[in-house]
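From a predicted model like this one, the values you see are computed outputs, not experimental measurements. Note on naming: letters A, B, ... go to the chains in the order of the sequence lines (proteins, then strands), and numbering restarts at 1 for each one.
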Amino acid sequence: MDMERDHYEDVAFFTSRLGVFWFVILASGLLLFPFIASNYLKTYYIYVANCIAVNVIAAIGLNLLVGCTGQISLGHAGFFAAGAYATAALTGKLGAPFLPALLIAASLSALLGFLLGLPALRLEGPYLSIATLGFGLTITQIIGKIQYLGARQGLHAPDLVIGPFNLNSDAEKYYLFAAMAFAACLFARNLMKTRVGRAFIAIRDSDVAASTMGVNLMIYKTLAFAVSAFFAGLAGGLYAFVLGYIQPDTFNLLMSIMFLAMIVVGGLGSISGAVAGAVLLTWLDLTLRNVLDVPVLGDWLKSLSQSYFSITGVSNIQYIVFGSIMVLIMLFEPLGLHGIWLRTRQYWKARSDRGRRG
Amino acid sequence: MAFFRVEELSMWFGGLAALDGVGFEILQGSIFSVIGPNGAGKTTLFNCINGIYKPASGSILLNGRELTGQKPHAIAKLGVARTFQNIELFSQMTLMENLMLGRHLFMKTGLFRGGFMWGRKSFAGREEVLHRKKAGELIELLELQEYRGRPVGALPYGIQKRVELGRALAMEPKLILLDEPCAGMNAEERRDMIMRIKTVKEALGAAVFLIEHDMAIVMDISDQVLVMNFGKPVAQGTPGQVQAHPEVAAAYLGEDDPDECLA
């Protein structure tokens, strides 16, 4: 019976009609989103969607490194910054076309990732986090000293022009960013289903066994860093055009931690989890910044923070919420959103099986 | 010349000799066992052979090629596979994916061909199918079909041991190191495992290098036996010769009545 098995099923993108159905629903939802947002919601949500697309790319990249290969990085804001500045400088200062500039910038990030991966060969756990943390902080310090990149004042990104198209509005950018995010998901998914991705996971689960199976730890660990940094650089390059203006302080430690929080909340090692985590935390981040404008809750929070915290306490409300979410996830669902999804699916499966039998 | 030869191998941990002048030969297609009390240096010997440890002196030759000083992945490429005493499976991967790691060295799909895999006709797609078929044959040989798509971390212990054997076999090794493949098993599972090791040896023609504590098994299936104690080789020969060796009885089998242990 096993002889007739179609082994491609294991790696195929669509394994059932239901999968195709949901994919079409999702794709048309994404395509129609700008119309829905501009007609029925605020156009602000298109901007939110762009931020989400950027963070999805970065989270997927970080997930390849942390979730799949089992290496930690607290310096992904550094790669993100490198990609953002390189793209903005190449297009704005040197007049390079957007897509090649983005690709070069992401490759530069990948090179930095490769270099950071070298010490990672000898470091593990807390030591690696400190090394990557140092890298992330150093990059922004260096950028802040370079006059050509605007130093502390920051750098303006030019108009986003691809060939004859000038993508001025958020809605136009949305299609580019969503397509990029989709491509990133697909690439990461394929990668994890094939040889290189398997080697990554093998290193995470047992590096000794992986090496005795012929996996060159040096190559694959540095490769994981490089690929992950490429994704971060790509995301950074897009982010420069979401904001239109970047400065070193944007890419601070909190950003690295946010990326990490996204994949932890989503579920380490799962691509759909990374996407879900990025969507949820980006939305929360942008929404909670405006929480003081919410009629009753805003006033209550203001009075609460003035009486119990410092005045600035409430401006950090999103971090308080993130922290709580992280703690709750760790306590109740260590597999994150992906784990919740798995359990829901299992529940419905068991239910429908029971229904069929009974 | 012997197919696999170890010469004067020594390895130190601090002042302690884990291996002290160990030497032996393994013939093509034979089963070679090493026995000895805990701490005799058996697993250290394995770790030296597949490059996890770097021995202090001596040499390990596979088909005349020196293995000492090489990295584990390079040694794997030369045709040495192993299982571990404490199972070292990729616990979150499925059984099939675990075996596919064994095919790692036979595959060529890299970052780009993998990431841009486009349908079953693409290079990566064809390669995946080809090697999954090979792994599928092994799954049948080891009768693991029902666990094919399950994450191995949740499988029963005996099954995990079998998966680890399968993963090593997927590498199509010339020499396969089995570190206590029957540890923690009951009599029936042990018989089953031994039968599988024999089948597999016949099917693949690989030499088997075995660490095992169960004397009945060792004496039953081995062509040659090496006895170690405190890192030193005590005796070597066919099972019969080794059992008759007086020092072996003293070091390992107990001085009084060796037959009792062998029963």
Value for CZ (Phe187(A)) from CG (Leu111(B)), rounded to nearest 0.5 Å, stands at 4.5 Å

When the 4.5 angstrom heavy-atom criterion is applied to Phe84(B) and chain A, the contacting part is side chain

Between Val196(A), Thr212(A), Leu186(A), the one whose heavy-atom pairs under 4.5 Å with chain B are most numerous: Thr212(A)

Test side-chain contact (heavy atoms from CB on, under 4.5 Å) on Asp205(A) and Leu89(B) and set out the steps. CA-CA 7 Å; Asp205(A) 282 358; Leu89(B) 285 171; over 6 Å; no

Where is the tightest heavy-atom contact between Ala76(B) and Ser211(A), given as atom of each residue plus distance? CB-O, 4.3 Å

Can you say whether Arg126(B) sits under 4.5 Å from chain A via the side chain, the backbone, both, or neither, judging by heavy atoms? neither

Against chain A, residues from residues 92-104 of chain B with at least one heavy atom under 4.5 Å, in numeric order, are Gln92(B), Met93(B), Met96(B), Glu97(B), Met100(B), Leu101(B), Gly102(B), His104(B)

Neighbour count above 12 (heavy atom, 6.0 Å) for Met195(B) CE: yes

Tyr157(B) atom OH: more than 12 heavy-atom contacts under 6.0 Å: yes

Among Leu223(A), Ile201(A), Asn216(A), Val208(A), single out the residue with the greatest number of heavy-atom pairs under 4.5 Å to chain B. Asn216(A)

Quiz: residues 106-121 of chain A side-chain donor-acceptor pairs under 3.5 angstrom, not counting sequence neighbours:
residue   : atom : partner   : partner atom : Å
Ser107(A) : OG   : Leu103(A) : O            : 2.7
Ser109(A) : OG   : Phe79(A)  : O            : 2.8

Engaged part of Met117(B) at the chain A interface, taking heavy atoms whose separation is under 4.5 Å: both

Which pairs pass salt bridge (charged side-chain N to carboxylate O under 4.0 Å, His left out) with one or both residues in residues 183-199 of chain A, sequence neighbours excluded? Arg198(A)-Glu128(B)

Working to the nearest 0.5 angstrom, can you tell me the gap between Leu191(A) CG and Phe112(B) CZ? 10.0 Å

Should we say atom CD of Gln346(A) is surrounded by more than 12 heavy atoms from elsewhere, each under 6.0 Å from it? no

In terms of heavy-atom pairs under 4.5 Å with chain B, the winner among Gly214(A), Gly197(A), Gly269(A), Ala210(A) is Gly214(A)

Distance (rounded to the nearest 0.5 Å) between Asn86(B) CG and Ser206(A) OG: 11.0 Å

What residues form a side chain to side chain donor-acceptor pair (under 3.5 Å) with Glu189(B), not counting sequence neighbours? none

Can you tell me which portion of Tyr220(A) sits under 4.5 Å from chain B's heavy atoms? Options are side chain, backbone, both or neither. side chain

For Ala183(A), is it the side chain, the backbone, both or neither that has a heavy atom under 4.5 Å from a heavy atom of chain B? neither

Using a 4.5 angstrom heavy-atom cutoff, name the option from Asn50(B), Thr109(B), Thr83(B) with the most pairs to chain A. Thr109(B)

Return the option, out of Gly115(B), Ala135(B), Ser91(B), with the maximum number of heavy-atom pairs under 4.5 Å with chain A. Gly115(B)

Checking heavy atoms, do the side chain of Ile52(B), its backbone, both or neither come under 4.5 Å from chain A? side chain

Output for pair (Phe116(B) CZ, Thr194(A) OG1), nearest 0.5 Å, gives 11.5 Å

Can you confirm whether Lys201(B) is buried at NZ, in the sense that more than 12 heavy atoms of other residues, nucleotides or ligands lie under 6.0 Å from that atom? yes

